[in-house]
Amino acid sequence: MKNKKKSLRNLNDFLAADELTHAVGGSCEAPSSSANVSANYAWWHHISRSLQIRRIIRQLYGHYFPESPIRMIRYVAFIAVVVHSCMLPCGLLAQRKDSDAKISSSNFLRSARGQRDTVSEASVRIRYAFNAEDIKDKSTWIDEGQLKIAPDMTDYSSYFVEVNEDSLANWLDNHKKSKVYPHIRWLQGHRPNYWIEYQYSQITTQDGILTEWASMPRELDTENLYYTESLPLFSWQICTETDTVCGYECIKATCHWRGRDFTAWFTPDIPVEYGPWKFGGLPGLIMKVSDNDGIYSFEAVAVENGNFPIFAPRGNKYAKSTRDKVWKLQRALNENYFKTTGHSVFNIKLEREISSREHPYSQLELE
């Protein structure tokens with residue numbers, strides 16, 4: 001821990017010298033293609049599969065649609081089979097919000113009306129695009145995370161959620177007599193009113209201890225949980241390759257951690273051992289990290305210096321739990337929300353209650 005505190009002091013001295021002014025305060029350009037494998041994964045997947053489908057159809061049917069109705073039906077059926085078969089074996093794309101779990105509107109109301117308790121003051125904030133299909137289009141991001149670095153602690157949370165709560169709180173102050181309220185004011189990204197744990201968890205580190213404050217969706221939003229663990233250990237292998245991410249010269253590093261292989265790009269120009277979410281342990285800030293299957297990615301889009309308060313979790317109280325219990329619950333909520341919560345929904349199209357519906361899901365931590 002002494003090394004980490006030393007790194008934070010070095011960073012504060014570095015900021016005091018105003019040597020980050022060339023990059024702070026705004027969005028950064030996307031990195032070059034050699035460092036953007038996971039961001040381009042979905043694009044290359046669709047292009048390559050489309051070319052395969054087109055080539056197969058032309059080989060079997062030529063360039064023309066069949067003239068008879070029966071051949072037309074067979075043609076359409078054939079295309080459906082080819083598309084299905086070509087998509088399945090190519091592997092997983094980046095994890096999206098693909099579950100029935102939503103955020104309760106009352107959750108935003110409690111957070112907006114609740115007083116925020118400041119537990120520390122950060123002088124540095126790094127914003128990250130999480131699982132972005134297009135780094136220049138925020139509507140394709142799952143979230144915009146923010147890493148706040150203070151001399152005594154770090155905090156990783158959702159920038160989208162924090163700004164939405166601030167906007168709603170300001171609206172409530174200006175409409176005190178209103179009986180209705182907009183539960184989403186500024187929330188952005190892919191399916192913004194749906195829940196995923198990486199957006200609705202707050203990760204703090206202090207004195208060598210990591211704490212995850214896990215906010216739960218809809219029917220479980222009164223049962224928020226938290227757990228603590230020692231700071232995760234990453235056995236990084238530092239490579240020789242370099243690239244530029246968000247305007248910073250970065251060095252490549254790889255590791256195997258909790259069931260996945262990861263590639264990170266860190267910059268010694270910002271001498272801290274932290275990164276997005278739980279990642280850290282490198283001799284410089286992690287600017288970008290992704291797993292080698294292209295399912296999860298975090299990429300820095302802004303580096304800022306200033307005064308950024310770190311808030312204690314607000315809203316409902318959090319009950320103490322364990323990492324194993326929280327991890328299993330989060331997985332179950334993503335895979336089958338209705339079965340996990342015991343709730344159901346009436347589907348108008350099917351004209352029946354749905355009490356179980358499975359969704360494909362692959363957690364970041366596999367073990």
Side-chain angles (χ1 to χ4, degrees), residues 41-43 45-46 49-50 52-54 57 65-66 69-109 130-134 137-143 158 160-161 164 168 179-200 215-223 295-296 328-363:
Y41 186 87
W43 173 83
H45 164 82
H46 290 300
R49 292 301 169 187
S50 298
Q52 286 186 27
I53 293 169
R54 183 181 300 176
I57 291 173
F65 282 102
I70 295 178
R71 289 189 176 182
M72 175 65 77
I73 294 174
R74 290 177 178 173
Y75 177 81
V76 173
F78 171 77
I79 291 177
V81 171
V82 171
V83 170
H84 181 70
S85 63
C86 285
M87 289 299 183
L88 285 179
C90 65
L92 294 169
L93 295 176
Q95 182 67 54
R96 312 300 287 164
K97 285 183 181 178
D98 183 27
S99 73
D100 296 300
K102 288 186 176 182
I103 291 297
S104 171
S105 58
S106 59
N107 180 75
F108 285 114
L109 183 63
F130 172 55
N131 281 16
E133 287 187 352
D134 182 350
D137 183 0
K138 289 190 177 185
S139 67
T140 71
W141 304 2
I142 295 297
D143 188 33
S158 171
F160 280 168
V161 171
N164 181 71
L168 179 57
K179 296 182 179 180
V180 296
Y181 62 94
H183 72 280
I184 291 181
R185 288 275 297 167
W186 194 85
L187 203 57
Q188 297 186 52
H190 173 72
R191 303 182 83 195
N193 59 331
Y194 280 78
W195 172 91
I196 194 169
E197 64 267 36
Y198 309 103
Q199 184 174 24
Y200 288 95
S215 295
M216 296 300 165
R218 208 157 51 186
E219 282 82 9
L220 297 182
D221 71 344
T222 59
E223 303 176 26
I295 300 176
Y296 288 96
K328 290 179 179 178
L329 177 58
Q330 290 171 336
R331 181 179 64 189
L333 288 169
N334 280 285
E335 290 179 337
N336 196 324
Y337 174 80
F338 295 124
K339 182 179 179 180
T340 302
T341 60
H343 287 76
S344 61
V345 64
F346 185 83
N347 188 290
I348 298 177
K349 292 182 178 180
L350 299 178
E351 297 182 348
R352 63 178 176 85
E353 288 280 333
I354 296 177
S355 58
S356 178
R357 183 159 54 190
E358 295 183 356
H359 295 270
Y361 180 68
S362 180
Q363 279 179 293

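Note that the numbering runs from 1 along the sequence shown for the chain.
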To the nearest 0.5 Å, what is the distance between [atom1] ([X]) and [atom2] ([Y])?
| X | Y | atom1 | atom2 | answer |
| --- | --- | --- | --- | --- |
| Glu219 | His343 | CD | NE2 | 4.0 Å |
| Arg96 | Tyr194 | CZ | OH | 14.5 Å |
| Tyr200 | Phe160 | OH | CZ | 10.5 Å |
| His190 | Lys97 | NE2 | NZ | 7.5 Å |
| Lys339 | Ser344 | NZ | OG | 15.0 Å |
| Arg191 | Asp98 | CZ | CG | 6.5 Å |

* Side-chain donor/acceptor of Asn131 to backbone N/O of Asp143, under 3.5 Å ->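 Between the backbone of Asp143 and the side chain of Asn131 there is no qualifying donor-acceptor contact (under 3.5 Å).
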* Asked: Is the backbone N or O of Ala332 less than 3.5 Å from a side-chain atom of Thr340, with the two atoms forming a donor-acceptor pair by type?
  ->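 Side chain of Thr340 to backbone of Ala332, a donor-acceptor pair under 3.5 Å: yes, one is there.
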* **Lys328: partners by salt bridge (Lys or Arg N to Asp or Glu O under 4.0 Å), with sequence neighbours left out** =>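 Applying salt bridge (Lys or Arg N to Asp or Glu O under 4.0 Å) to Lys328 gives Asp324.
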* Residue pairs, two or more places apart or on separate chains, that pass salt bridge (Lys or Arg N to Asp or Glu O under 4.0 Å) and touch residues 340-357 ->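 Checked against salt bridge (Lys or Arg N to Asp or Glu O under 4.0 Å) - neighbours excluded - the pairs reaching residues 340-357 are Asp100-Arg357.
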* Name the orientation class of the two ring planes belonging to Tyr296 and Phe130 (parallel below 30°, tilted from 30 to 60°, perpendicular beyond 60°). =>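 It falls in the parallel class, under 30°.
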* What is the minimum heavy-atom distance between Gln199 and Ile142, and which atoms define it? ->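 Heavy-atom minimum between the residues: OE1-O, 3.7 Å.
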* Show the numbers, then the answer: is there a side-chain hydrogen bond (donor to acceptor under 3.5 Å, both in side chains) between Asp134 and Thr140? => CA-CA 6 Å; Asp134 182 350; Thr140 71; 5.6 Å; no
* To do: May I have the step-by-step check of side-chain hydrogen bond (donor to acceptor under 3.5 Å, both in side chains) for Glu197 and Asn334, ending in yes or no?
  => CA-CA 9 Å; Glu197 64 267 36; Asn334 280 285; 2.8 Å; yes
